[in-house]
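The structure appears below as structure tokens.
Side-chain atoms are counted along with the backbone in the values below, which use heavy atoms only and exclude waters and symmetry mates. Chain letters run A, B, ... following the sequence lines, proteins first, then strands; residues in each count from 1.
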There are 2 protein chains.
Amino acid sequence: MQKNSVKVSMAVVRRLPKYYRYLGDLIQNGVMRISSKELGKLMGLTASQIRQDLNCFGGFGQQGYGYNVEELQKEIGRILGLNQTYNCVIVGAGNLGQAIANYEGFRREGFALSAMFDVNPRLIGNTIRDIKIYDIQDLGTYVLENDIQLGIICVPKEQSQGVADTMMENGIKAIWNFAPADVQVRDNVVIENVAISESLYTLTYLMNEPQLEI
Amino acid sequence: MQKNSVKVSMAVVRRLPKYYRYLGDLIQNGVMRISSKELGKLMGLTASQIRQDLNCFGGFGQQGYGYNVEELQKEIGRILGLNQTYNCVIVGAGNLGQAIANYEGFRREGFALSAMFDVNPRLIGNTIRDIKIYDIQDLGTYVLENDIQLGIICVPKEQSQGVADTMMENGIKAIWNFAPADVQVRDNVVIENVAISESLYTLTYLMNEPQLEI
DNA sequence: TAGATTGTTAATCGATTAACAATC
DNA sequence: TAGATTGTTAATCGATTAACAATC
């Protein structure tokens, strides 16, 4: 997939989804081809950086022409693993869990949500978009028996590590954690700790940033 | 606030909220002091990096002792602008908007949410945690008349730029955008485009990452 | 005081940008 | 063909790490 198995830096990896999204928008707008210069202008990156990033994975462009938008998006999707299906569960069926369950882009990209879990007896047994909410007691068994690869944590921070542990004991491969506490994972399990409020605090920092005296 | 008005890099700024959160947890656990070494171990950073980061803003530690946890958290909160109150509105009262409205950490840190807006007539007039949902038609007037500084966008991507424009025409200072399309802002307005799915796609990348051959 | 740990400078490492030959 | 634009190497820039004198 990537050139002679050299590790790609996280800086590059974190830009890939953004490329994927912008290219998707271009496809929607009927754009067939694009140069690194044009794409850079659109995304706020340099043309040089875009070519460097893409060439970590291969030469997808053509001299004198640029990149075929549809082809490039497909390639990046494949690099990101979006050509596969992932069996998912959401733990925590509050507003955030429901928001994710309702997001249609989620299933479109191959995330097969099959169950949600909660502690609240008033939620257990309900369904959200045909997805049943189960008792969190049954999480471990469910993950194991249904070959769940991806667990999404939307519980309060006090419960997040416990939920992650249950998932890992039953063979989960990846955890997407929205609780505002970093979850620790064992080897061979990958984690994204989202901590949404961090981007809010970055924003308030920027609101108050002292202007430079030159 | 920061040493002789030198611009602090975004790499540093984006770590500040994480320091703030970890220090808050330490306070909750009754920890009074901490060294850069211990904090680094906890957060997965080097001691050196922590000292470098903090010294962008001043010398908050003491040789031979380390840092006073409570004092340091307070200082970082002040640097992030969390000692102030921000008048906020949320536009889009779906699950995600409601999740943010319900998040108690939000008001605790000085974010004064006074109204929500939506296009859906079935939502308009309802309240969420005492916050009334208004017709999105009234957004501009409301932002102007109530001195709203921070706008939170939780609408579909097709509407996000329009909502942002209305906010900016009426004097908003900052936009926290959850729509999966980057919103463009004028000078003097700060923006955080969150694009939650990007961290999910990073996760699937990591799940499929080829193991290094050495 | 001795030990610990900071603040800060210097060294290293990695990421971004620039440049240009290759080529469509 | 001439023009455009890639892929890739080299140069630059910035961020991280290491080292250590200062000092609590």
Distance in angstrom units between N55(A) CG and dT5(D) C1', rounded
12 Å
Charged N-O contact under 4.0 Å between R14(B) and E192(B)
yes
Figure out the CG/P separation between L54(B) and dG7(C), and round it to whole Å.
8 Å
Assign each of Q62(A) and S48(A) to its nearest nucleotide of DNA chain C by heavy atoms, then name whichever residue's nucleotide is nearer the 5' end.
S48(A)
Starting from C1' on dT12(D), measure out to CD on Q49(A) and report it in whole angstrom.
14 Å
Take atom CE of M10(B) and atom P of dG14(D), then tell me their distance rounded to the nearest Å.
16 Å
Counting only side-chain heavy atoms from C-beta out, which of dT16(D), dT6(D), dT17(C) sits nearest to R15(B)?
dT16(D)
Would you check if the side chain of D118(A) reaches a backbone N or O of A93(A) as a donor-acceptor pair within less than 3.5 Å?
yes
When only distance counts, do a donor and an acceptor, one from the side chain of Q52(A) and one from the base of dT6(D), lie under 3.5 Å apart?
no
Any side-chain N or O of Y67(A) under 4.0 Å from OP1/OP2 of dG7(D)?
yes
Calculate the interatomic distance between I34(A) atom CD1 and dA4(D) atom C1'; express it in whole Å.
15 Å
Ion pair present between E198(A) and K18(B), side-chain N to carboxylate O less than 4.0 angstrom?
no
Find which nucleotide of DNA chain C each of Q63(A) and E38(B) is nearest to by heavy atoms, and output the residue with the more 5' nucleotide.
E38(B)
Are OP1 or OP2 of dT6(C) and a side-chain N or O of R51(B) less than 4.0 angstrom apart?
yes
Quick check on dT6(C): is either OP1 or OP2 less than 4.0 Å from any side-chain nitrogen or oxygen of R33(B)?
no
Distance, rounded to the nearest Å, where F57(A) contributes CZ and dG7(D) contributes C1':
15 Å
What is the distance from CG of L45(A) to P of dT17(C), rounded to the nearest Å?
8 Å
Using a 3.5 Å limit on both distances, find every run of at least three consecutive Watson-Crick or G-U pairs that involves DNA chain D.
C:3-24 with D:3-24
Under 4.0 Å: is that the gap between some side-chain N or O of Y65(A) and OP1 or OP2 of dG7(D)?
no
Looking at E71(A) and K74(A), does any basic side-chain N land under 4.0 Å from a carboxylate oxygen?
no
Under 3.5 Å side-chain donor-acceptor pair for E38(B) and Y67(B):
no
Closest heavy-atom pair and its distance - I79(B), Y205(A)
O-CD1, 3.4 Å
Rounded distance in Å - CZ (F60(B)) to P (dG7(C)):
9 Å
Got a donor-acceptor pair under 3.5 Å from the side chain of S9(A) to the base of dA15(C)?
no
So for atom CD, which belongs to E70(B), do other residues, nucleotides or ligands contribute more than 12 heavy atoms lying within a distance under 6.0 Å?
no
